[in-house]
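Have a look at the structure below, then the notes.
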Amino acid sequence: MNLILSLLLATTTLVHQQDAEQQTAKPRQGTYAITNVRIETVSGGTIDNGTIVIKADRITAVGTDVVVPEGAHVIDGTGLRVYPGMIDSGTRLGLTEIGAVQETNDSSELGDVTPQMQALSAINPNIPQIPVTRVSGVTTVIAEPSGGLLPGTAALINLVGYTPDQMHAGGVLLLVLSFPVNRTPRFFRGGSPPDDFDPDKKYREAVEKLDEIWDRAELYDRIDAAYAENPNLSTHPEYVPEMAAILPVLRGEMILMVKVNARKEIEAAIEWVQERNIKRVIFSGVSEGWRVADKLAEAGIDCLVGPIFSTPTRESDRYDRAYANIGMLADAGVNVAIRTGQSENVRNLPFNAGFAAAYGLGKERALRAVTLGPAEMFGIADDYGSIEVGKKANLMLTNGDPFEPATQVLGVFIDGFNIPIDSRHIRLYEEFLHRDEGRVQPVQVQPAVN
Amino acid sequence: MTSSHPRALYCSTASVFAAFLLFLPGTAALAQRNAPDIPAVSGAFAIENARIVQAPGRVIDSGTVVIRDGLIEAVGADIAIPYDAARIDGTGKTVYAAFIDGLSMIGVPKPKQKNDLPPVPDRSNPPDDRAGIQPQRDVRTLLASDEKSIDEYRKAGFGAAHIVPHGRMLPGSGAIILLAGENANAMVLSGDYSMYAQFEGARGMYPGTPMGMTAKMRQLYREAERRKAMQMNYDQDAAGTTRPEFDAVHYAFFPVIENTKPVFYYVDDVLEIYRALKLRDDLGFELMLGGLNESFDAVDILKSADVPLFVTLDLPEKPDWMKEFKADSIQYVLDNYDPEERTASYRDLEAERRNLEARAFLTRSRYAGAAADLKKAGLRFGFTTKGVKAKDLRENIRELIENGLSEDDALAALTVDSADLLGLGSSLGTIDAGKIANLIIADGDLFAKETQYEFVFVDGHKYAYPKKDEEDESKEGDDEKTKTKTKTNRRKINPKTRR
Amino acid sequence: MIFKRLSLFSGLVMTLGLFSASLSSAQSNVVNDVLIRGATVLTITNGTLQNTDVLVQDGVITAIGTDLRAPGGIKTIDADGQYLMPGIVDAHSHIALSSVNEGSSPVTSEVTMEDVVNPYHIGIYRALAGGVTTSHLMHGSANVIGGQNETIKLRWGMINPDDLRFKGAPRTIKFALGENPTRNHGRRGSSGSQPGIRPSSRMGVEAVLRDAFSEARNYMREWADYESAKLNHPRQTSPPYNERLEVIADIMRGEILVHCHSYRADEILMLMRVLEDFGVHNITFQHANEGFKVAPELAAFGAGASVFADWWSYKFEVYYSTAYNATILTRNGVVTSINSDSGELNRHLYHEAAKTQRYGDLSDDEALSLITINPAMQLGIADRVGSIEVGKDGDLVLFDKHPLSVYAIAQKTFVDGVQYFDRETDRDDQRLRVDPSAKLDTYMEQETGVHRFVKSEYVTLDILFEQN
């Protein structure tokens, strides 16, 4: 048994000493105390040799002078560190299981205008990707639909729970707008674009379409408001689920998440959200954000940036542009968070953060970009993003810098649930590291003839 | 255009039968246009008092060219004009040898796209014709004398061309034709001239990629070598020997293996140049290369390769932003080009843009300067018009000249060098007695924009291209917008190697 | 007007001259001597040497030690506090190629990537900037027996494809099992205009392999018979020449190393049985996501495995994967490498290797071996590259921090002692050539570290199938 596994096992054993009879490792809430641990609060600096107390879903005490409640499961954190659980600000986690198997893909619906599609409804809480992700310390992710112009509504989810309600974090929903793109796609039905393919024209048409949708949504808003004010005088608004789904954005109750990457399109999107007076808006992707960092900062638009592991957007660009983009945005005064755009490998979020840190963002801002930064953007900083009394118990316990690959994540709490450090990947490791151990007959393997 | 060629008369290429043509000097263009049925009475012409560029650097300031029955009978400053020659007043005009196109599909109708072909049963091993492997085809059987491209290129000054079939990997054998003739046979100067090859893959079947095509070429060639040996064996003594099975594709390789017929490869970019040369080195056939886009990156290797070259007259399409540039702003951009400049933030975008513009201009000039580079390296080459519209040719040639190719070198490449490289030096390429009467009579400098090629003689046939009405001319000359619009360099740089 | 144009272009030609000179300088004055002083040297095969100098002369490492004296005029780099490791070897790459899949036939052993190396591809520079010096350019996975691969060194700036070749590297060939060849050939459905052909199942894949090897064996026999019969009967008719079978015959003669795209344990075992039957023993399983399940069998056969650090679940045959694959394989004695198969991942293979310290417990040397000496062994070039040893090629990369740290940034990369990458001094725009017809602000879709399955409906026969 290697060092890490024994460490894991020790931790699990410690935590679950009173549940020894329990065969299945499952997430459990309770009262926990992590003691003698270095606490990276994000919001209030570092506390050495501190203690964190967790009761049910909340952090109830943080500091060096904390009394461990009676009956608490105590985890000795000597030599270890606690960080807020990481938030990935853009994934397809839960919406897709096997990329090439269409039957398991639910992240996109037919049609260009489908804002009423709810990612939260299609998330499968039981897919193996979720345990694989959360044991890396990623506790919370945006699961977003994709496809058309308005592909649906994204949701922030905690990676624990058996129902959408249990998983939904802070009630955060974001309406996704894939801002029109002016470019020729890399892959075309039939191999290459038809001779008359005109990306400029397609772009113009899409922007016009977006404007038309928004005009109608605003009209729908007026009808709906009039009816709400005086049900006797107006007729009941028609059932138009597309428009109904946009209303919360018009009324400032929901964030509009604009997916946009190319420079010109970012500029157009800034103009568009200002013209349309969108009250709560976040840009997502923003791979050429550095080119317009000043404009984004001036407009005060927060950005969910990534994947950091990307090639440059132009052949002439410096090779490390995609690593450095987020740091350049932050330097210009833009609030940034990191997204991986991943599904099965959201576990690479800390490494995205590490590269962002190395190429200009710096460790402190990178940590913020996967914790408190996005929590503030999504309006849930009272509950998420840092280690403070009263906040949700979303934490990770590590033996080092969480962005370093060699660091082990030894414990994870999500919504106060102590998450077993267990996943299909770990189980396969345990089973196959010494596959034929316990076999009586020797293995029948013919040595190679050389 | 009008051909003075009476339909009733048959005229062979070698002028065995004379075409009796008659037009009095000074006959109005209108008359020519409206009277194609006037019978010709003589096969002799005399162009008098003209400046004659016999070959690059060999100029007669004022002289006469006499043509008879398709051949140049005499040329010189002091030539007696035969009594039976139709006289053309060359005062103020210059006579040049007509151009030779090293590779084209002039006169070969483009086959209609067939979308209803039945699926092949086994796409890993399709019938040769479906895979585009048809070296046994002969372009002479595909040539159509009434194809409109013949007149378009003739009007642009071309009198002869090496033509090949449309197709894919191995479309068939090429022929040298003259751009005149009552029917296809009459146009052919030399048949079964080359095995045409290109890197155009089969669609949806084997071989579909450049690597598939190089492999297939090696397979075909080596198997053909084996079959040729067997056939020779059998021809020597059939008794007791298994009879070799005829196979049109492999048998088409026999003259290539014997080095009596070259493989003419069209190479679209620098990587295709390498591929064709490597095949030549591996298999040992005689190679000719056409296209040679991006030859600027392969000058040394072409120099050591020692193969006839026919450089494309195509140039990359100008993107919209480039068309908007005025000359002095280009110079500004180039003067401020600093490749070392870093784009450290959004503040540097202006400098980045200027650098990108400069690199694009410099690159364009590398394409346009490719011919000059080859010349500088001491290489002789001809040109190919494949893929270039006839009306764009002269402007493209001018751009090559602006980028370092001398006018004489351009003329040589279009005439004497082409003729020599194609092995036609004794019959074409210069204005000398005994050669085929392929001539241009221009009203000005050969490549100047406003120059009109008033007459083009091909194989002794006179074709008149009268100057447009004054009205049209002024329109064309003055209007900048019209000019940029009419210029359409359609070709895009091959995306294959850009990826 | 004409005068204006002429003056403009004469200026242009002048500038052009300067420009070409600056481009070609890298080739004409090749400096392949360098002394790197005072680095922490990660030799891979001989541990870590603190504060050590490495001398490269004429492209080859000639000395490793302290206080080495540099011959006069040699370029010296002060690498105090930096980390020097061997150039990274990427055992699975599709950069720098004009075409990847001759996907029209289940067996295409006659094609070779040597014919389609594209030295202009910007991916070469981007890989160099991540410390890669050798890439194994592979045919795609559309066919059971694909084309021959090409091992290149990343000599960025050389424009003759031949100049990139890793001279002396053994020939290798691509095989592919499982979903890709069966989908491409047998299960075409509506995606192609031509009907499907075998294989459409993993049984069919085995049959295609056995048929090909058997045909090649017959072919060898026929030719051998012919050659001997010819001695007595000079007029003997020779058997047909077959380029495809010639190559398979070379595999059986042991002249070509097999690199096989594979995922599932059963198909890995199948191929080993087939190879055993035809006497072929040089095999590296590429991807081998389920290699961990048959690690003892792989070790016994002497097969290598070249895997992803963490890719899984992008298609069904990688659903039961584990990121601990490399660790399990290594611990079971299988020579294992981590490859990129991606123009994004190949920019940080050092980081991919580091993941084995999260998903497993490999030592620093073991982790770095996965991207250096082990892939070099799998490609048959371990006598030349893959470690820092006297006599080996001067393929080196200098990092500011330990390369297994997520914060490490490659600073300088050398191939044969020639510096091809310098983070400090390299210009931004590294394109070796420019498309003069392109728009200026063309946004290129990014490659990401995400494995995107290319839906078959978007793929025609002429372009890429899923490459990996």
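Per chain, numbering begins at 1; letters A, B, ... match sequence-line order. The structure displayed is predicted, hence computed values, not measured ones.
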**Message:** Taking side chain to side chain donor-acceptor pair (under 3.5 Å) as the definition, give me every residue that meets it alongside B:Arg227, ordered by chain and number, with sequence neighbours left out.
**Reply:** B:Glu223
**Residue B:Met322 versus chain C: region with a heavy atom under 4.5 Å** = side chain
**Message:** Taking side chain as everything from C-beta outward and backbone as N, CA, C, O, which of these in B:Arg226 sits under 4.5 Å from a heavy atom of chain C? Side chain, backbone, both or neither.
**Reply:** side chain
**Prompt:** Using non-hydrogen atoms only, which part of B:Asp237 is less than 4.5 Å away from chain C: side chain, backbone, both, or neither?
**Reply:** both
**Spacing of OG1 belonging to C:Thr425 relative to CD belonging to B:Glu340, to within rounding of 0.5 Å** = 8.5 Å
**Item:** Candidate pair B:Thr209 and C:Asn101, rule side chain to side chain contact (heavy atoms under 4.5 Å, CB included), full reasoning
**Value:** CA-CA 8 Å; B:Thr209 57; C:Asn101 262 309; over 6 Å; no
**Request:** Select one option (side chain, backbone, both, neither) describing which atoms of B:Leu279 are under 4.5 Å from chain C's heavy atoms.
**Result:** neither
**Which portion of B:Pro121 sits near chain C, non-hydrogen atoms under 4.5 angstrom** = backbone
**Message:** Could you tell me if B:Arg203 and C:Ser104 have a donor-acceptor pair between their side chains, going purely by distance under 3.5 Å?
**Reply:** no
**Prompt:** Below 4.5 Å, heavy atoms only, C-beta onward: do C:Val116 and B:Arg275 meet side chain to side chain?
**Reply:** yes
**Fill in**
Whatever's closer than 4.5 Å to a heavy atom in chain C on B:Thr343 counts as both
**Message:** The test is side chain to side chain contact (heavy atoms under 4.5 Å, CB included); show your working for C:Arg427 and B:Arg342 and say whether it passes.
**Reply:** CA-CA 7 Å; C:Arg427 60 178 70 165; B:Arg342 284 280 179 87; 5.8 Å; no
**Request:** Determine whether B:Pro316 and C:Asp435 make a side-chain contact, defined as any pair of heavy atoms from C-beta on separated by less than 4.5 Å.
**Result:** no
**Request:** Using heavy atoms and a sub-4.5 Å threshold, report which of residues 106-115 of chain C line up against chain B, by residue number.
**Result:** C:Pro106, C:Thr108, C:Glu110, C:Val111, C:Thr112, C:Met113, C:Glu114, C:Asp115
**Set of residues satisfying side chain to side chain donor-acceptor pair (under 3.5 Å) with respect to C:Asn160, sequence neighbours excluded** = none
**Item:** Heavy-atom contact with chain B under 4.5 Å, split by part of C:Ile197
**Value:** side chain
**Request:** Quick one: pull up NZ in B:Lys216 and CD in C:Glu102 and give me the separation to the nearest 0.5 Å.
**Result:** 10.5 Å
**Item:** Between OG on residue C:Ser437 and CZ on residue B:Arg364, distance to nearest 0.5 Å
**Value:** 7.5 Å
**Request:** Please tell me if the side chains of B:Arg366 and C:Arg433 come closer than 4.5 Å, counting only heavy atoms from C-beta onward.
**Result:** no
**C:Phe421: ring-ring contact (aromatic ring centres under 6.0 Å, His included) partners, not counting sequence neighbours** = A:Tyr319, C:Tyr125
**Message:** Before you tell me yes or no, could you show the steps for C:Asp429 and B:Asn355 under side chain to side chain contact (heavy atoms under 4.5 Å, CB included), namely the whole-Å CA-CA distance, both residues' side-chain angles and the distance that decides it to 0.1 Å?
**Reply:** CA-CA 9 Å; C:Asp429 181 1; B:Asn355 279 340; over 6 Å; no
**Request:** Indicate yes or no: at least one non-hydrogen side-chain atom of B:Tyr274 is less than 4.5 angstrom from one of C:Val117.
**Result:** no
**Message:** Taking side chain as everything from C-beta outward and backbone as N, CA, C, O, which of these in B:Glu357 sits under 4.5 Å from a heavy atom of chain C? Side chain, backbone, both or neither.
**Reply:** both
**Prompt:** Checking C:Arg244 against B:Tyr206: charged group under 6.0 Å from the ring centre and within 45 degrees of the axis?
**Reply:** yes
